[in-house]
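Some notes on the structure that comes next.
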2 protein chains.
Amino acid sequence: MKFNNEKLKIDGIDKKILRFLMADARKPVLEIARSIGISGAAIHQRLRKLEASGLLAGSKFVINAKVMGYTTMAYVGIYLDKAMSNPVAVKQLEKVPEVLECHYTTGDWSILVKVLCRDNEHLMQVLNNEIQQIEGVSRTETFISLAQQIDRQITI
Amino acid sequence: MKFNNEKLKIDGIDKKILRFLMADARKPVLEIARSIGISGAAIHQRLRKLEASGLLAGSKFVINAKVMGYTTMAYVGIYLDKAMSNPVAVKQLEKVPEVLECHYTTGDWSILVKVLCRDNEHLMQVLNNEIQQIEGVSRTETFISLAQQIDRQITI
DNA sequence: CGTGAAACAGATGCGGC
DNA sequence: GCCGCATCTGTTTCACG
């Protein structure tokens with residue numbers, strides 16, 4: 001991806017718009033307009049500009065996974081055999097729906113993944129039957145998140 | 001939070017609606033209606049039901065932090081002194097805007113946080129001047145994410 | 001549950017300043 | 001850049017099957 005991010009200037013009004021929409025992507029533009037005392041058309045123009053700049057990477061509905069019975073979140077550090085290339089392992093991890101994030105990290109492990117499971121038993125199955133079955137995975141270290149106490153985006 | 005999640009039944013139509021909105025929270029309900037061949041009013045009713053069930057936890061605009069010059073993401077494992085209670089430390093971590101997530105974890109550390117910084121130098125400042133200055137923090141271990149290769153929500 | 005119609009509200013494009 | 005206006009589209013409610 002290439003963006004024209006060299007001239008990207010975000011002024012106070014842009015920031016206000018972004019803060020509103022980061023908290024609620026469905027907030028009507030006209031409502032935001034009234035809140036910050038500017039016309040709806042102006043907000044619209046600014047949003048087009050921000051979108052063109054690549055700063056706006058879309059919007060998401062947030063699902064409360066707990067209500068769906070997914071209560072166990074964990075981070076898993078994965079050690080790969082020297083022979084195993086990272087992209088090949090990632091391709092396998094993509095096929096595991098419980099894997100929500102995957103990072104290529106410095107430090108002890110080759111890969112750090114975040115997984116979301118229904119319960120500890122489900123987590124065990126994902127570890128044993130999915131992740132550790134991937135070729136090249138030699139060992140894993142699991143850290144269960146007993147509570148997620150902060151969850152937010154970058155502060156604008 | 002308590003929800004009436006005992007009777008929560010999600011059928012195929014609900015799943016389709018959710019999949020559309022999880023990918024793009026601003027997608028018009030009428031467009032979804034046309035895609036799946038049902039009236040707009042029906043989608044609207046289902047969304048109200050899903051919202052009341054607590055499954056819908058809002059929506060967010062996603063910001064591309066790279067365009068804002070934030071290119072260094074890292075996970076930091078934090079060791080707390082025995083005397084230090086977790087909630088007190090979390091309260092301090094909340095004040096650090098670079099901290100995006102904070103998990104109370106099993107395993108070696110007391111806390112695992114995700115931080116997003118402009119560059120390695122900024123990360124170093126956050127570690128030395130912010131996180132390690134928090135009372136009760138004895139030691140940290142940092143894992144820089146060289147690349148985030150998967151980033152998604154729960155699969156419906 | 002679903003539908004279609006009606007009333008309301010928001011989105012979008014444009015000329016003008 | 002912003003505004004106001006006109007038009008189009010989407011949202012929301014409601015009575016009914």
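The structure displayed is predicted, hence computed values, not measured ones. Order of the sequence lines fixes the chain letters, A, B, ..., with proteins taken first and strands second; residue numbering starts at 1 for each chain.
- Closest approach to the L30(A) side chain among dT11(D), dC2(D), dG10(C) is made by dG10(C) (side chain taken as heavy atoms from C-beta onward).
- A straight line from NZ of K27(A) to P of dG10(D) spans 22 Å, rounded to a whole angstrom.
- Straight-line distance from the CG atom of L47(B) to the P atom of dT11(D): 10 Å, rounded to whole Å.
- When rounded to the nearest whole Å, the span between CD1 of I13(A) and C1' of dC3(D) equals 13 Å.
- As rounded to whole Å, 13 Å separates atom C1' of dC2(D) from atom CG of D14(A).
- The neighbour count for Q148(A) CD, taken as heavy atoms of other residues, nucleotides or ligands under 6.0 Å away, is above 12.
- Nearer the 5' end of DNA chain D, as judged by each residue's closest nucleotide, is the contact made by I38(A), out of P28(B) and I38(A).
- In this structure, F61(A) has its ring center at least 6.0 angstrom away from the ring center of F20(B).
- Look at R34(A) and you'll find a side-chain N or O under 4.0 angstrom from OP1 or OP2 of dG10(C).
- Counting non-hydrogen atoms of other residues, nucleotides and ligands closer than 6.0 Å to CZ of R48(A) gives a total of 12 or fewer.
- Each of A41(B) and V29(A) was matched to the nucleotide of DNA chain C holding its nearest heavy atom; the match closer to the 5' end belongs to A41(B).
- We find that K49(A) and D14(A) are joined by a salt bridge, their nearest charged nitrogen and carboxylate oxygen being less than 4.0 Å apart.
- Phosphate contact (OP1/OP2 of dG10(C), side-chain N/O of R26(A), threshold under 4.0 Å): absent.
- Taking atom CD on Q45(B) and atom P on dC14(D), their separation rounds to 12 Å, with Å as the unit.
- Summarising the geometry, the separation between CG on L50(A) and C1' on dG1(D) is reported as 14 Å, rounded to the nearest angstrom.
- Aromatic ring pairs are classed by plane angle as parallel below 30°, tilted from 30° to 60° and perpendicular above 60°; the pair Y79(A) and W109(A) is perpendicular.
- Nearest nucleotide to the side chain of R46(A), out of dC14(D), dC2(D), dG10(C): dC2(D).
- Checking the phosphate oxygens (OP1, OP2) of dT13(D), a side-chain nitrogen or oxygen of R48(B) falls inside 4.0 Å.
- Put simply, H44(B) has no side-chain N or O that comes within less than 4.0 Å of OP1 or OP2 on dT11(D).
- Regarding I43(B), its CD1 atom lies at a distance of 13 Å from the C1' atom of dC1(C), rounded to whole Å.
- Going from atom CD1 of I10(A) over to atom P of dG1(D) covers 13 Å, rounded to whole Å.
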